[in-house]
Amino acid sequence: MAKELTSREENYSQWYNDLVQKADLAETSAVRGCMVIKPYGYAIWEKMQAQLDKMFKETGHVNAYFPLFIPKSFFSKEASHVEGFAKECAVVTHYRLKNSPDGKGIVVDEDAKLEEELIVRPTSETIIWNTYKNWIQSYRDLPLLINQWANVVRWEMRTRLFLRTAEFLWQEGHTAHATKEEAIIEAEKMMGVYSQFAREWMAMPVLEGVKSANERFAGAIETYCIEALMQDGKALQAGTSHFLGQNFAKAFDVKFLDKTGKLEYVWATSWGVSTRLMGALVMTHSDDHGLVLPPKLAPIQVVMIPIYKTQEELDSFKDYINNLKSKLIEKGISVKVDDRDTHKPGWKFAEYELKGVPVRIAAGPRDIAGNTIEIARRDTLTKEVIPIENAADYISDLLDKIQINLYEKSIVFRNQNTHHVNTYEEFKMKIEDGGFIYAHWDGTPETEEKIKEETKATIRCIPINEGSEEGTCIVTGKKSVGKVIFARAY
RNA sequence: CGGGGUGUAGCGCAGUUGGUAGCGUACCACGUUCGGGACGUGGGGGCCGGAAGUUCGAGUCUUCUCACCCCGACCA
């Protein structure tokens, strides 16, 4: 048992750390707060990227790339934006090193100080809006619908693999529109894209809503978000989409001539999801045996493991499963045959369980004699023996079933951990067990702050598309227009 | 940035009042095994995080540093 996982019950965050590293998703690096994403983890990210990118293109967006460095002066142009990010920016001050005078190593060459310091982008609004100014003159240039895949740096004090790292990978969409309404529709649409991706690809249920003022993006008028519930009862913000109003247009003087010849500021949105989704994926489905991946994002969907003693038996296994393998590949299913002679079947079973491969097929002399294969499901940890004839169709259906089962299990979990409360006392009790809590709130930042200080819970989102009824705030007793969703969050 | 902890073989750890480094696992070779992480035998691998000090002698004692982990404040 070389790779024993800490159980979730014993220590949830240790379980997460163990799992990410032992399943070969990522590891900590020599650089503080920065991770190395390993090939298996990166393969999952690539699958996420591929699907998201497709969805962005389908909604009319194109990709571009903007610089890693942002002149410091750009940053200060939007007041609340700079305030939000100033505390966590990496700054480039020099452009040259030299040999240390004492002969030991190298030092920064003080003569090579930059005239204007550069910020390593924590997000790209400023450099992008500075650029858009040159691209937009008339309503005919709008809407401008651009996305970029990039890395960003936020100098976090405490980091965790995928969930919060100093450098992370993400995509950031930045759009410009002629009207406020159009920009709002865009921001809502992208939240919908994220939500759909989370449900259908990650098999992860999410709540859709808007952020309270306290939680809003620095520089946004409205922040839309999707919020997921992790197995330990903590909420995780999985994606955000911002309606930026004309804040950045005004800060960077981006105007256009409308059809009537009037000069107007453009309306903006930005939206992003990051490698944090990897953390969400791990914490939504995985168990004490290891990773559990939804088939749609699994780099290997089916692994085939031979049971054999002799070379002849191995050869006959290969012949035996070759046809099935081809049929699966024809169906677009990714298959790996693990015929390594260096590990025993039992070892391989445990390994692929740890790595979350959705379906495992094993076959040995007994199966070959009886024209059967053994199929094991990662999500339920069940095994069955089926005839190899028509196994391809069976497996194809099974992958769909697993995808659905994971989503349904997650829905059940979330429902079991979602509560409505009517008093603050009840709230304080329920919050200790984790989960989402619906409660009436008077709409003021002060009340939210008080609740956060006393219970560590924040408003994860103000639900939309759920309908709401009036009530009274659980803390102040003042009027509330509808319940909002609280949780302790990552 | 506060509070706590840990740095010794790839990984996980032990190392007594200071005496020149060991266990498990992984790795390599050979043989027996192979339907849920096999076993035996033999082998390779360490500037004991770094620097300075005390000492005849430091993994062990002292000081200083650095890194990482956990818990808070901040955050996607």
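Below, chains carry the letters A, B, ... as their sequence lines are ordered, and counting in each starts from 1. Since we're looking at a predicted model, the values are computed, not measured.
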Task: Gap in Å between the two C1' atoms, one belonging to B:rG50 and one to B:rU6, rounded - done: 16 Å
Task: Rounded distance in Å between the C1' positions of B:rG10 and B:rA26 - done: 7 Å
- [ ] Can you tell me, in whole Å, how much space there is between the P of B:rC48 and that of B:rA21?
- [x] 11 Å
- [ ] Could you measure between the two C1' atoms, the one in B:rG45 and the one in B:rG2, and give it in whole Å?
- [x] 41 Å
Task: Any A:Asn11 side-chain N or O less than 4.0 Å from OP1/OP2 of B:rC70 - done: no
Open item on the list: Is it the case that the ring center of A:Phe217 lies less than 6.0 angstrom away from the ring center of A:Phe85?
Closed with: yes
- [ ] Ignoring hydrogens and angles, tell me if any N or O in the side chain of A:Glu222 forms a donor-acceptor pair with the backbone of A:Phe243 under 3.5 Å.
- [x] no
Task: Atom C1', compared across B:rC11 and B:rC27: separation rounded to whole Å - done: 12 Å
Open item on the list: Please confirm whether the ring centroid of A:Phe427 lies under 6.0 Å from the ring centroid of A:Phe486.
Closed with: yes
Open item on the list: Would you measure the distance from the C1' atom in B:rC13 across to the matching atom in B:rU8 and give it in whole Å?
Closed with: 9 Å
Task: A:Tyr16 and A:Asp232, any side-chain heavy atoms less than 4.5 Å apart - done: no
Open item on the list: Counting only Watson-Crick pairs (N1-N3 plus N6-O4 or O6-N4) and G-U wobbles (N1-O2, O6-N3), all under 3.5 Å, who is the partner of B:rG19?
Closed with: B:rC56
- [ ] Kindly indicate whether a cation-pi arrangement holds for A:Lys355 with A:Tyr40, taking the cut-offs as under 6.0 Å to the six-membered ring centre and within 45° of the axis.
- [x] yes
Task: Interatomic distance, A:Asp338 CG vs B:rG37 P [rounded to whole Å] - done: 16 Å
Open item on the list: Taking the ring centre of each residue, are A:Phe168 and A:Trp170 less than 6.0 Å apart?
Closed with: yes
Task: Any A:Ser13 side-chain N or O less than 4.0 Å from OP1/OP2 of B:rC71 - done: yes
Open item on the list: Please report the distance separating the C1' of B:rA14 from the corresponding atom of B:rA73, rounded so that it comes out in whole Å.
Closed with: 37 Å
- [ ] Could you check which residues of residues 270-279 of chain A get a heavy atom under 4.0 Å from RNA chain B? Sort them by number, please.
- [x] A:Ser274, A:Arg276
- [ ] Look at the side chain of A:Lys309 and the base of B:rG35, then say whether one donor and one acceptor between them are separated by less than 3.5 Å.
- [x] no
Open item on the list: Tell me which nucleotide, if any, is Watson-Crick or G-U wobble paired with B:rG7 when both distances must be under 3.5 Å.
Closed with: B:rC66
TODO: Map A:Arg160 and A:Ala218 onto RNA chain B by nearest heavy atom, then report which one ends up closer to the 5' terminus.
DONE: A:Arg160
- [ ] Assign the ring pair A:Phe248 / A:His81 to parallel, tilted or perpendicular, where the plane angle (0 to 90°) is split at 30° and 60°.
- [x] perpendicular
Open item on the list: Between A:Phe162 and A:Pro345, which residue's closest nucleotide on RNA chain B lies nearer the 5′ terminus?
Closed with: A:Pro345
- [ ] Compare side-chain N and O positions of A:Lys344 against OP1 and OP2 of B:rC39 and report whether any pair is under 4.0 Å apart.
- [x] no
Open item on the list: Using the P atom as the point on both nucleotides, what is the distance between B:rA29 and B:rG22, in whole Å?
Closed with: 25 Å
